[in-house]
Amino acid sequence: MTKESNLIDKLRDETIADLIAVLEESLRSKETDVSLPLIRPSFGPDEVLESIDSLLSTYLTMGKKVKRFESEFAGYLGAKHAIMVNSGSSANLLAMHIIGNHLAEDRVAPGDEVIVPAASWSTSVFPIVDIGAVPVLVDSDPHTFNLDLACLESAITGKTRAIMALHLLGNPCKLDALREIADEHGLYLIEDCCEAHGAEYKGRKVGVWGDIGTFSFFFSHHISTIEGGMVVTNSGEFAELARCMRAHGWIRDMEKRKSIAEQYPGLDSRFLFYSRGFNLRPTEIQGAFGIHQLKKLDSFVEARRENAEYWLRELAPLKERIIFQDEQEYGKHVWFGFPIVVNGTRQTRDDLVTELEKKRIATRPILAGNMANQPAMRFLPHRVSGNLTTADRLQQSGFFIGNHQAITHRERDHFAACLSTFFA
Ligand SMILES: Cc1ncc(COP(=O)(O)O)c(C=O)c1O
């Protein structure tokens, strides 16, 4: 609970104890047998009580708790600014509208190109189209499953203005090389870190290497605000645009609101719309969750890394049958999930997935697979650069299982045993 409020303290102690007992029972009921769901709830009494505190105070929409979470999240990453929104997709939307904004000093204009890995997520690609730019889909590296740097370089043309990189399943991209390519060609670098909370490259957190970083706090992610997202940047100009466009395009949350208002004395400064905008605001409940989840992030990351190391060790004898995702040199992988690419036919992958699901191990495709194969792309302008062999392979032969802080040793063994039996 925040120090400012003592509303919860006013409740009778027994009431709180009762509430916590109910919550703990709900959490326990999800852990009764050996199974590997995509995620188990990562919140507990702290998040629930902090949310109740907001409800009781009647202050529910974006306020103090969101501000506190933004400031602590920025501090955790080493970023100058963090602007919370209602989802990771909204964070990507905002990132694109920042670099495409008429007010940005050097905007990405309609018809310009933005390079993005084909093996990515729908809402990593769609916001590029939303600003009138053209997504250029490139292939990924077959070992790290991240944007292939040679493919990236050969996709750059006179029209290229930005790179939308993505740390796939938490594996950090080679960020020094990406930054160098971006700088050499005068491109914006956006990092989609929606699956990479706490990941590092050369000891520095992902999200602060690019001009803008984006995060998702959806329920299945490393930390969760139920739904939620964050835009981070070191640019004061971009942060101002984010604050403006997050809430209707009005100036209320901007640092320079006073000086803008002075330029338009005939308009009510409370309803002065300075840029195009949306309503992507988070609630105080989301801020309340974020404050407490962030304290747990490092321990969640360690648990995920330990699970992944265990599976890589146990499953090493299957190296001929399975391709694992390689941790990038100098990178700290945070294993959003544990991906497997089957070295065989698509049928083998499908049979394995069916077998695992039967054994109560939840599986998911590797994001959207190859975005070029998704039917939505029929209606969206885009360009494919080179071949997309790895993206196709990830789609046809790959999948991932959930990897999270609450997996037990028995459950880790269960997955390893299922795989070994299948390939035997
Ligand atoms: C890489 C990536 N980008 C963006 C998103 C969108 O985040 P959200 O679900 O919070 O909108 C996701 C969602 O899982 C994702 O994995």
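Residue indices begin at 1 and follow the sequence shown. Just so you know, ligand 1 is whichever comes first in the structure, and atom 1 is the first atom listed for that ligand.
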Within 45° of the six-membered ring axis of Y310 and under 6.0 Å from that ring's centre, is NZ or CZ of R412 located there?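 R412 over Y310 ring: yes.
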Interfacing atoms of ligand 1 (cut-off 4.0 Å, heavy-atom, [X]):
X    : result
S89  : 6 (C), 7 (O), 8 (P), 11 (O)
D192 : 1 (C), 2 (C), 3 (N), 4 (C)
H221 : 13 (C), 14 (O)
S216 : 7 (O), 8 (P), 10 (O)
E195 : 1 (C), 15 (C), 16 (O)

Among all protein heavy atoms, pick the one closest to atom 5 (C) of ligand 1 and tell me residue, atom and distance. W121 CD1, 3.4 Å
Residue, atom name and distance, where the atom is the protein heavy atom closest to atom 2 (C) of ligand 1: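 Going by distance alone, atom 2 (C) of ligand 1 is nearest to C194 CB, 3.5 Å.
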Side chain, backbone, both or neither: which applies to [X] and ligand 1 if a contact is any heavy-atom pair less than 4.0 Å apart?
X    : answer
S87  : both
T214 : neither
S124 : side chain
E227 : neither

Scan side-chain atoms only and decide if S42 and K296 contain a donor-acceptor pair under the 3.5 Å cut-off. no
Check the side chains of S51 and S54 for a donor-acceptor pair under 3.5 angstrom, ignoring hydrogens and angles. no
Could you check if a side-chain atom of H333 sits within less than 4.5 angstrom of a side-chain atom of E309, using non-hydrogen atoms only?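 In short, these two side chains do not touch, never coming nearer than 4.5 Å.
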Taking the six-membered ring where the residue is Trp, are the ring centres of F69 and F289 under 6.0 Å apart?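 Aromatic pair excluded; centres sit 6.0 Å or further apart.
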So, Y201 versus W209, ring centres under 6.0 angstrom or not? yes
Counting only nitrogen or oxygen atoms and a 3.5 angstrom limit, does F218 reach ligand 1? no
I need the minimum non-hydrogen distance between A155 and R383, along with the two atoms involved.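 That closest heavy-atom pairing would be O-NH2, 3.1 Å.
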Please find the pair of heavy atoms, one from T144 and one from N171, that lie closest to each other, and give the distance.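 Here T144 and N171 meet closest at O-ND2, 3.3 Å.
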